[in-house]
Undergrad: 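Pasting a structure below so you can have a look.
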Protein chains: 2
Amino acid sequence: MADGSLNALVEALRRLPGVGVKSAQRMAFHLLQHDRPGAQLLSQALAQAASNVRHCTMCHTFTEHELCDTCRNPQRDRSKLCVVETPADQAALERTAAFKGLYFVLMGKLSPLDGIGPKDIGLEKLFARATDGTVQEVILATNFTAEGEATAHVIGEALKARGIAVTRLARGVPAGSELEYVDLGTIAHALVDRR
Amino acid sequence: MADGSLNALVEALRRLPGVGVKSAQRMAFHLLQHDRPGAQLLSQALAQAASNVRHCTMCHTFTEHELCDTCRNPQRDRSKLCVVETPADQAALERTAAFKGLYFVLMGKLSPLDGIGPKDIGLEKLFARATDGTVQEVILATNFTAEGEATAHVIGEALKARGIAVTRLARGVPAGSELEYVDLGTIAHALVDRR
Ligand SMILES: [Zn+2]
Ligand SMILES: [Zn+2]
């Protein structure tokens, strides 16, 4: 792959997370040999998203407007605020149709080793929002990873100190699964969190 | 991920080979949250490559010109013609610096199940080139996979029937592997030991 604009394409593709030089070459070959309309489409989608997408001033998720669709929806229960790490996590919760409240999207998680602190995930904004008098309950729905748990812990402690009711998504046995195939840690948590 | 241009970006990223909906969301999140310059860069690189990159009229590899750099290079030995599947395979051979001839890049391989026949990989063009009186030896450097071997076999038989000297990269390249993943030394040895 010798020429200028081909090398430039391979280099640009390598900036995508999880894409090394081999995958980038494969992607460039595929687009140029088999899917030029796809290349044009992706080019336009990137330019449009990069210039149009900003953050909802209320919940921080991606949107093209001042406020996202969810925050603008008058049907949503404004007394419940669910804290998630990313828009993809929010989408997963929305697909359950089990939550009618609003969200605060951290757009990340606390990660001291990567230099990501409270400011980077908008915690001051979250605390102001949680104490605005409308919110009655904050539901922590960060991931059940080490960093997600640590983030939930920090937020939970800070909100409790401000007198806010805080809950955490229950840890437990996934629906539809058989106990003998569930790992011990999950069963132990489900026992502790039994209700 | 609710809004229009964000969904459009995720959908466009999914056209990349090996990218499912989760990776596409991850890529979109990364670019919009952490690397907007990367998104702009990739957008431009895609548009430029899609409109500028064409095929070398002599060897069929990607180039921005009528002829690619290799075909235009007067230092290359025009009596030797090396047949490879893709520009990435050609690049792997070039990195060994063990071959000074020219190339013919099939931009694919024979694959009857996918409907890819001799026309799709330019075999008539290859045969015309191999019998132009300048080429003294054709070196088959397709991959050592089932389809690569079958492609080499078909080309080899056709060229031998036309009285052309044909060699194949020596075994030494482990069977079942693809050239772009093979280390330089192995490829260099296989070139020297070609038969
Ligand atoms: Zn919002
Ligand atoms: Zn060429």
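Since we're looking at a predicted model, the values are computed, not measured. Labels below follow one simple rule: chain letters A, B, ... track the order of the sequence lines, proteins then strands, and each chain is numbered from 1.
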Undergrad: Taking NE2 in A/H34 as the centre, count heavy atoms belonging to other residues, nucleotides or ligands within less than 6.0 Å. Is the count above 12?
TA: yes
Undergrad: Test of understanding: with side chain to side chain donor-acceptor pair (under 3.5 Å), list the residues that count as partners of B/D132, not counting sequence neighbours.
TA: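 Residues passing side chain to side chain donor-acceptor pair (under 3.5 Å) with B/D132: none at all.
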Undergrad: Does A/L16 reach the side chain of B/L16, with side-chain heavy atoms less than 4.5 Å apart?
TA: yes
Undergrad: Show the nearest heavy-atom pair for residues A/A50 and B/R36, with the distance to one decimal.
TA: O-NH1, 3.0 Å
Undergrad: Which residues satisfy the side chain to side chain donor-acceptor pair (under 3.5 Å) test with B/S23, sequence neighbours excluded?
TA: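 Result, side chain to side chain donor-acceptor pair (under 3.5 Å) vs B/S23: none returned.
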Undergrad: In terms of hydrophobic clustering (I, L, V, M, F, W, Y; side-chain heavy atoms under 4.5 Å; direct or indirect links), are A/I139 and A/L81 co-clustered?
TA: no
Undergrad: Would you compute the distance between atom CZ of B/R15 and atom CG of A/L42 and round it to the nearest 0.5 angstrom?
TA: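 Those atoms lie 9.5 Å apart.
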Undergrad: Are A/F144 and A/L93 connected in the hydrophobic side-chain network, where two residues link if heavy atoms are under 4.5 Å apart?
TA: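 Result: yes, single cluster for both.
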Undergrad: Is it the case that one hydrophobic cluster holds both B/V154 and B/V138, taking links as side-chain heavy atoms less than 4.5 Å apart, direct or via other members?
TA: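 They do share one cluster, since a chain of ILVMFWY contacts under 4.5 Å joins B/V154 to B/V138.
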Undergrad: Side chains of B/V19 and A/M27: does their closest heavy-atom pair fall under 4.5 Å?
TA: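 They are in contact (side-chain heavy atoms under 4.5 Å apart), so the answer is yes.
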Undergrad: Do A/L46 and B/L41 sit in the same hydrophobic cluster, where Ile, Leu, Val, Met, Phe, Trp and Tyr count as joined when their side-chain heavy atoms come under 4.5 Å apart?
TA: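 No, separate clusters.
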Undergrad: Going from CD on B/E180 to CD on A/Q25, what distance comes out if it is rounded to the nearest 0.5 angstrom?
TA: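 Separation between the atoms: 6.0 Å.
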Undergrad: Could you give the side-chain donor-acceptor pairs of residues 102-114 of chain A under 3.5 Å, partners two or more places apart or in another chain?
TA:
unit_1	atom_1	unit_2	atom_2	d
A/Y103	OH	A/E94	OE2	2.6
A/S111	OG	A/D114	OD2	2.8
A/S111	OG	A/E147	OE2	2.8

Undergrad: Going hydrophobic residue to hydrophobic residue with side-chain gaps under 4.5 angstrom, can you get from B/I116 over to B/L123?
TA: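 Yes, one cluster joins them.
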Undergrad: Taking A/Q44, A/Q40, A/Q33, A/Q48 one by one, which has the highest count of heavy-atom pairs under 4.5 Å against chain B?
TA: A/Q33
Undergrad: In terms of heavy-atom proximity below 4.5 Å to chain A, should B/L31 be classed as side chain, backbone, both, or neither?
TA: side chain
Undergrad: Search all heavy atoms of A/A49 against all heavy atoms of B/L9 and return the closest pair with its distance.
TA: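 Looks like CB-CD2, 3.8 Å.
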Undergrad: Output the residues of residues 52-59 of chain B for which the shortest heavy-atom distance to chain A is under 4.5 Å, in residue-number order; output 'none' if no such residue exists.
TA: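 Only B/N52, B/V53, B/R54, B/H55 of residues 52-59 of chain B have a heavy atom under 4.5 Å from chain A.
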Undergrad: I'd like to know if the side chain of A/E64 reaches the main chain of B/S5, judged simply by a donor and an acceptor atom lying under 3.5 Å from each other, with no hydrogens or angles considered.
TA: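 Checking the backbone N and O of B/S5 against the side chain of A/E64, a donor-acceptor pair under 3.5 Å is found.
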Undergrad: Can a donor-acceptor pair be found, under 3.5 Å and without considering hydrogens, that links the side chain of A/S43 to the backbone of B/S43?
TA: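 At least one qualifying donor-acceptor pair exists.
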Undergrad: Taking atom CZ of B/F29 and atom CG of A/D89, what is their separation to the nearest 0.5 Å?
TA: 9.0 Å
